[in-house]
Amino acid sequence: MNEVKDKLESFQIHDFQHDLISWYKHEKRDLPWRKDQDPYKIWVSEIMLQQTRVDTVIPYFNAFIGKFPTIEALATADEEEVLKAWEGLGYYSRVRNLHSAVKEVANSYAGVVPNTPEEISKLKGVGPYTKGAILSIAYNIPEPAVDGNVMRVFSRILSIWDDIAKPKTRKIFEEATYKLISKEDPSSFNQAVMELGALICTPTSPSCLLCPVREYCSAFAEGVQAELPVKSKKKKPRPLQMAAVVLYDDHGRLYIHKRPGTGLLANLWEFPNMEIKAETKESYREQVKQFIKEEYQAEAEISELTGTVEHVFSHLIWNISVFIGTLTNIPSEDLLPVTEEEMKKYAFPVSHQKIYKIYQEESKS
DNA sequence: GACGCGTGGTT
DNA sequence: TAACCAAGCGT
């Protein structure tokens, strides 16, 4: 910490800001959330961009803003439609928190996104990064917005060897950003650091020879840019054997289940599925039959194994065996019968979209 | 502070 | 190809 302070003593802050911001204004990408300074759109973009690539976000952002162009529109939208607009983006608690926070802004702040750190931080899903991003980008307030890019860029510029995977390390970078941030144009400054991280100061093989601020870069001067940032490794995801069954009745309706409101894939819809116990003698098919009977009072003819789907999460891997079941009774109300047309209103995890495709292929033949 | 929480692209 | 990565937050 004191080490960083020492480095900043001799740092040409004003020149650095100028060179970085000039580069940014020439080279910045033309992204849909950069068309205006609407705090609501900045907010939506920042939530979508959490742990998610720009190229992935762009079409979701355009569609989302098309459907919910204002705070008011999103605040009054129904949950099912909002979740559907997030389908496939992942980390679904982001959109549940966003929806809740937007309602809060509509009701308690007259529809105006608050512009103080204290107020904006109270909103669900707005943490230290998103707080700084909205305040600086939308309101031009000099707050740090420290994300992975910022830590990577400044770890190299200032040769900071702390492990950026540790939560407390973020504070070191926030302190450095308070010192370095342009008071005249904090919006461009914060975006410029992130843009530099995305385009030039990349995780592997950074393009130092194209870097507009390499003359300020401690790591480049010492040739250690490839060693930085220091980042400890994550644990490997744990594999789970699963089985899922697409149940249909004699009206051609499919039976789907809504997941609980908290935890993994909260509030998304799915085909009935279960974890398979490896140690039992029962076949997967037999376990599925028992499961749907006990869980949903459903009687069905179950097919042979029809396909497999792998679903990789951050912390889990589902290896899903897929079956098809012909219902011979009416199951519990925890299963919703839907036509394939009605199904389109509901949000499913990607793995269950793949399961549905297996069913479609199978029912063609 | 560690862990839970998605998905698709890159090396 | 397995590992790693991408504009984090809540509990």
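Just so it is clear, the values below take in all heavy atoms, side chains as well, and ignore hydrogens, waters and symmetry mates. Reminder, nothing fancy here: chain letters follow the sequence lines and each chain counts from 1.
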(request) Select base, sugar-phosphate, or nothing to describe what A/D55 touches, counting heavy atoms under 4.0 Å on all strands. (result) nothing
(message) From NZ of A/K168 over to C1' of C/dC9, roughly how many Å is that when rounded to an integer?
(response) 20 Å
(message) What is the distance, to the nearest angstrom, from the CD atom on A/E310 to the P atom on B/dG8?
(response) 12 Å
(request) For A/G263, answer base if it contacts any base atom (sugar-phosphate contacts may also be present), sugar-phosphate if it contacts only those atoms, and nothing otherwise; contact means non-hydrogen atoms under 4.0 Å. (result) sugar-phosphate
(request) To the nearest Å, give me how far apart OH (A/Y92) and P (C/dG8) are. (result) 17 Å
(message) Looking only at the side chain of A/P167 (C-beta and beyond, no hydrogens), which of the listed nucleotides B/dA2, B/dG6, B/dT7 gets closest?
(response) B/dA2
(request) Taking only the side-chain heavy atoms of A/Y129 (C-beta and beyond), determine which of B/dC3, C/dA7, C/dC5 contains the nearest atom. (result) C/dA7
(request) Under 4.0 Å between any heavy atoms, over every strand shown, what does A/S45 touch: base, sugar-phosphate, or nothing? Just pick one. (result) nothing
(request) For the side chain of A/L31, starting at C-beta, report the closest nucleotide among C/dA7, B/dA2, C/dC5. (result) C/dA7
(request) Whole angstrom is fine here: how far is it from CZ in A/R96 over to C1' in B/dG4? (result) 12 Å
(request) Determine whether the side chains of A/N190 and A/S136 contain a donor N or O and an acceptor N or O closer than 3.5 Å. (result) yes
(message) Using a heavy-atom cut-off of 4.0 Å across all strands, would you classify A/R259 as base, sugar-phosphate, or nothing?
(response) nothing
(message) Less than 4.0 angstrom from a charged side-chain N to a carboxylate O is my criterion; do A/D78 and A/K345 meet it?
(response) no
(request) Determine, for A/K84 against A/E87, whether the closest basic-nitrogen to carboxylate-oxygen distance falls under 4.0 angstrom. (result) yes
(request) Could you tell me the separation between the CD atom of A/E174 and the P atom of C/dG8, rounded to a whole number of Å? (result) 14 Å
(request) Rounded off to whole Å, could you give me the NZ-to-C1' distance for the A/K233 and C/dA3 pair? (result) 8 Å
(request) Provide, to the nearest angstrom, the distance between the CZ atom belonging to A/F348 and the P atom belonging to B/dT7. (result) 13 Å
(request) Starting at atom CD of A/E87, determine the distance to atom C1' of B/dG8, rounded to an integer number of angstrom. (result) 15 Å
(request) Decide whether A/E119 and A/T116 meet the rule of one side-chain donor and one side-chain acceptor closer than 3.5 Å. (result) yes
(request) Indicate whether the side chain of A/S187 and that of A/Q191 have a donor and an acceptor atom separated by less than 3.5 Å. (result) yes
(request) Would you classify A/S314 as touching base, sugar-phosphate or nothing, given that sugar-phosphate means primed atoms plus P, OP1 and OP2, and contacts are heavy atoms under 4.0 Å? (result) base
